[in-house]
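Within every chain, numbering begins at 1; the chains are lettered A, B, ... in the order of the sequence lines, protein sequences first and strands thereafter. Note: hydrogens, waters and symmetry copies are ignored here, and every other heavy atom, side chains too, is used.
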Amino acid sequence: MTSPEGPKRKKNRKRSKKRTPLIGTCTSSNPGEIIGEPPQRPTLVSSEVEALQVESPKSAELGNCLRQSKVTSPRKGPSQKPLCNTGSQKTEPLLSGLHVTQPKHTEIASGDPSKTALKVASSNGPVSTLFTLNVEQTQQRASKIKSSKTANTESMKITQSKIRTSESETQPQVLLEGKTKLKQVNKKSPQKTSSSSELNVAQGCKLPFIPVSELLVADTHSSSIPAVNVENTHSKPNVKEKNTSSVTEETHMPNLPPMQFELNTVIMSEAKNKLDHLCNLLDSIVIEHSGKEGYSTNTVIPVLVDQTAKGTSEVAVIPSKFESLPGTVSECQGEKTKEDIEHERKARKEAKAMKKKGGDKSKSENDKQENFNCIKVEKKKAVQQGKPLVVSAVTEEKLPRGKQEPSGSSVPSQGTSQESTTAKSKADLKRERREKQEAQRQAKMIAKAKEVEKQTKGQEQVHLSNDKAKPAPKKKKSAGEGAKRSRDRRIPLLGHLPLHFSQLPIYPVNCDDIHPAVRTLGLKMRDRIVDGSTARVVSTLAALKRFINDYRTPESCDLSRDLAEKLLPNVAFLNACRPHAIAMDNAIRFLKHKVNSIEASMPEAQAKDELRTAIDDYLQENINLASSTIASHAASLIDDGDVILTFGYSAVLIEVVEAVCKGGSNISVVVVDSPHPSSGVSMVKKLSSMSVTTYYRLITDVTHIMHKVTKVVVEAEAVMMNGAIQGICGTAGLALAAATHDTPFIVLCHTYKFCNNDLTDSLVINELGDADSIVSCPSREYFGLLDNWRETQNLNVVSLVYDVTPACLVTALVTEQSVLPTSAVPVIIRRNYADILGQD
Amino acid sequence: MKAYISTFLKQIESDDDMSPAIAAMKALMESLRQDDSTTLQEFIEKMKDAREALSDTDVSVVSVSSGCELFMRFITLKHLELEQAADFASCREILLRRGEDFIKSMEENRKKILRSSNTLIKDGMTILTHSRSRNVLAVMTEAAKQGRQFDVFVTESQPDCSGCRMADELKAAGIPCIVILDSAVGYVMERVTAVMLGAEGVCENGGILNKIGSCTVATLAHLKNKPVYVMVESYKFIRTIPLNNSSLPKKYLHRASVLKSDRDLKSAHPLVDYTPPQNLTLLYTDLGVLPTSAVTEHLIKLYT
């Protein structure tokens with residue numbers, strides 16, 4: 001690393017790491033498994049696989065070598081560890097620790113991947129500083145650990161692969177992970193790139209999809225758990241999760257827009273399901289093994305020969321490759337004996353020595369590996385000899401291309417290498433390679449076509465639930481396709497709204513763009529643990545405050561610029577978890593405005609302090625104080641003996657009722673509720689505990705009771721420029737019923753929820769809720785009748801979250817400023833937010 | 001009884017053309033001149049008492065209180081300038097000067113309304129009006145002066161028969177008019193081209209508080225798609241939003257003397273009702289011709 005090109009090398013290495021996971025999954029301990037899958041593989045591949053399988057015993061030897069190398073690795077480790085990934089890395093050690101030391105935990109982890117993931121996520125938490133410590137510990141322990149192979153055949157592959165990864169510090173990783181690392185490298189500091197393989201493995205284990213509740217539970221355990229080997233505990237599902245997470249990470253890359261990100265995940269999942277593509281791609285994966293001696297050489301480097309993959313297309317292709325991995329892994333392992341490895345390593349070293357530039361090591365390795373594979377088929381020795389030369393040529397060529405084409409350039413590079421290196425490669429080899437490349441190209445074309453199809457269908461997200469992860473690839477394929485198709489269904493008129501999936505979305509855990517607090521909040525919001533616009537705004541600002549707390553301005557950067565940029569992925573993450581409420585948009589806009597208005601000359605500490613104070617003030621003024629002011633304003637509108645009707649849960653309304661009761665008035669409250677979700681229950685509970693006469697009814701009954709109601713009071717989610725009220729779905733119907741009975745319709749709203757847009761219907765801006773929840777009928781007679789509604793043509797089930805009440809149905813708008821008519825909204829917006837309105 | 005209140009009552013009796021709000025402002029000026037307070041704070045406290053005393057008389061409370069509030073708001077508007085004054089004497093000078101200016105400009109208001117409603121009345125129109133409004137009277141008289149030919153229906157407007165007085169004044173101006181029963185509004189409505197109303201107060205949402213029966217007239221007009229125009233000065237804008245008629249404060253509904261008596265208010269006839277903005281078409285004010293939704297903006301500008 002002393003050479004100036006050090007960082008670049010690192011990047012390359014990581015790239016290569018990505019692919020290693022594939023190798024890991026394939027590890028040949030269970031040749032039978034590999035064979036079992038073949039039906040979908042092309043004949044070409046299968047023959048190769050078989051050949052490899054024969055040699056599989058050698059792979060165990062390799063593994064030993066790797067372990068040894070691993071022991072050595074710790075020296076390197078410390079330097080690399082430091083600031084890399086905040087949450088994810090840290091979590092990893094904890095996770096691994098769980099498995100080893102505490103049998104109970106291991107059980108959980110192996111049996112229920114989601115739970116393990118939970119633990120990991122919880123450990124991710126806030127503290128980046130702890131991370132280094134954990135890493136060191138884990139490394140030491142890792143050295144001690146031996147790979148234990150579980151009886152479970154399915155898990156065997158995975159475990160082996162994991163062992164390898166953990167052992168060789170620098171290298172192996174799943175393709176996807178590797179990519180994420182690449183991205184990191186590209187983005188930022190070299191430190192990140194150097195993260196140890198162990199860490200990577202752990203990262204893979206962490207599952208982003210974990211339900212929040214589980215996470216919470218996991219938190220309690222995590223602190224007590226010592227670090228242990230990652231190897232034993234990993235089960236197949238985990239591996240899959242890894243992949244998905246890595247995929248999502250990729251999507252997070254700054255240059256990819258959020259939409260693409262979702263698409264990519266979808267695509268990835270699909271690709272996984274389809275083995276056919278994978279089989280085609282088998283050829284492209286080359287694994288290179290290096291011996292014990294050098295750290296750099298120790299790495300197991302899988303190479304994807306992906307000529308065409310670039311940008312988004314890359315993502316799509318990757319999953320398929322991943323699936324194909326098992327075959328490739330077995331091949332590589334079977335073929336490589338210790339001798340071979342050593343030989344390779346020596347050759348590589350020579351090559352390295354020759355080029356001091358130290359270009360893309362990984363790429364060169366990839367090329368080597370390709371050559372190696374070919375050789376396997378035909379003649380090993382020839383390949384080995386050829387390697388060094390090829391490598392050198394490749395590295396020189398590839399260096400200029402740099403980071404952005406991780407998997408892509410293998411084909412051209414090979415060609416060039418062959419040309420430049422006159423002596424080694426034989427005509428046969430060339431021919432073979434070309435054939436392979438052709439096959440790969442075809443596979444890619446197919447993959448691309450599929451990708452396009454998927455894109456047109458729309459964004460789809462993947463559930464990473466246990467059942468999905470566990471079943472054999474075949475099952476996935478069939479079930480996955482059906483589910484995909486059904487999930488893709490777009491409802492007429494609402495095609496522009498992001499689809500709702502209760503399990504979604506999947507995100508990379510080890511992506512350091514997203515602060516752990518934001519991540520946690522995102523999951524909570526997705527699971528509706530944090531619900532309601534006010535709660536979401538408060539928690540969002542709190543999370544972003546923590547993010548700002550932990551933020552360090554990189555040198556040579558303006559705080560305002562850099563921070564504003566780094567806010568984006570966090571905000572995007574929240575939006576992906578659940579579309580922003582308008583109030584959240586306003587709050588975030590406010591924060592961005594504050595960030596942007598920080599002068600460059602201001603010291604970081606002061607700037608951060610200012611931001612924190614701004615957030616606190618915002619919460620205090622716009623929410624806390626405003627709520628009590630609203631309550632007193634609204635209480636002045638309510639007289640003794642009134643019958644108030646309200647809808648769902650509203651914290652402000654509770655304050656209003658409190659204020660009214662304090663004023664000595666005797667009122668009764670009718671809480672009208674919608675069945676999905678029935679938030680009114682908690683409202684009723686609170687009201688009745690205040691000894692207020694309370695009635696609870698469903699909104700379907702509202703016309704029965706409206707004539708007895710003297711005032712309808714609801715809370716708005718947002719108020720639009722034209723005075724229209726965005727409320728929880730059902731509010732507009734309530735307003736109509738109130739208007740029919742000439743009952744005053746009072747809306748409570750903080751002015752920070754005022755929105756600079758006009759809205760005349762509830763279709764343009766809205767959010768799709770969980771349609772499945774409304775077809776799940778509790779009554780026995782109709783139970784489950786519509787469970788498969790997605791497969792039914794001409795049937796659309798829609799659950800919208802918001803609706804829009806026109807301004808003319810609103811009698812009065814109670815804000816913290818005063819009781820206003822809806823016509824005052826534009827005035828308020830203009831006066832209060834003139835400074836912020838300009839920007840977006 | 002304090003001196004300024006007696007002058008206030010006298011003024012209302014003597015000058016029938018003067019709005020009670022203007023009279024109240026003048027009474028406040030009177031009290032300001034006689035004021036012997038030594039600090040600004042004391043002065044403001046005293047003025048507050050004076051306002052309460054004024055609205056405690058048997059006049060239209062709505063416009064008096066809103067006019068007084070606006071007056072106070074205006075003369076004490078730039079606090080800084082007042083505080084920088086050397087002593088309270090000079091401070092009072094400033095207040096007095098401002099008060100005079102304000103009242104003068106308020107007295108100009110009716111002329112501005114006439115200007116804005118200049119083309120409102122056209123030949124051949126049949127106009128229905130309710131009760132007696134100085135502004136409506138002025139607009140009609142002005143139109144008649146310009147030679148416009150139009151007919152007027154005036155409601156009798158019980159309980160004080162102010163409509164009869166209105167009819168007399170219209171006839172004196174040479175405008176043909178017919179007095180109808182309050183209960184005949186529905187019968188007449190189909191022959192009417194427009195409804196013109198005055199107002200004692202304009203709420204923040206653009207609804208008006210006016211002589212009882214206005215709501216009936218406006219609602220019927222709305223039902224028959226007849227435009228309802230309201231002639232009103234901007235100092236009658238008040239910062240409240242009545243949810244409905246039953247939520248009107250009692251001090252608006254009844255005379256102070258009634259409120260003080262032991263009478264059962266349920267059986268007492270209210271003097272004022274609230275017409276929601278949906279039933280109104282346009283407001284002709286000194287600020288120009290406003291839609292009802294524009295009222296809130298002016299109020300927010302004034303008071304924040």
Legend entry - More than 12 heavy atoms of other groups within 6.0 Å of B:Tyr303 OH: yes
Legend entry - Heavy-atom check, side chain of A:Cys808 versus side chain of B:Gln278, under 4.5 Å: no
Legend entry - Heavy-atom neighbours of A:Asp742 CG exceed 12 at 6.0 Å: no
Inset, instruction - Identify whether the distance between the nearest side-chain nitrogen and carboxylate oxygen of B:Glu297 and A:Arg830 falls below 4.0 Å. - result: yes
Legend entry - A:Val819 to B:Glu204 - nearest heavy-atom pair and separation: O-OE1, 3.6 Å
Legend entry - Distance in Å, B:Ser247 OG paired with A:Asp642 CG, rounded so as to fall on 0.5 Å steps: 9.5 Å
Inset, instruction - For each of A:Ser823, A:Gly723, A:Pro821, tally heavy-atom pairs with chain B at distances under 4.5 Å, and name the one with the top tally. - result: A:Pro821
Legend entry - Heavy atoms from other residues, nucleotides or ligands near OH of A:Tyr695 exceed 12 (cutoff 6.0 Å): no
Inset, instruction - Can you establish whether the number of heavy atoms outside A:Asn666 located under 6.0 Å from its atom CG is more than 12? - result: no
Legend entry - Euclidean distance, A:Thr743 OG1 relative to B:Asn244 CG, rounded to 0.5 Å: 9.0 Å
Inset, instruction - Give, as side chain, backbone, both or neither, the part of A:Thr822 having an atom under 4.5 angstrom from any heavy atom of chain B. - result: neither
Legend entry - A:Lys686, NZ atom: more than 12 neighbouring heavy atoms under 6.0 Å: no
Inset, instruction - May I ask you to test the B:Asn205-A:Thr811 pair for a side-chain heavy-atom distance under 4.5 Å? - result: no
Legend entry - Where A:Leu637 and B:Ile241 come nearest, the two heavy atoms and their spacing: CD2-O, 4.4 Å
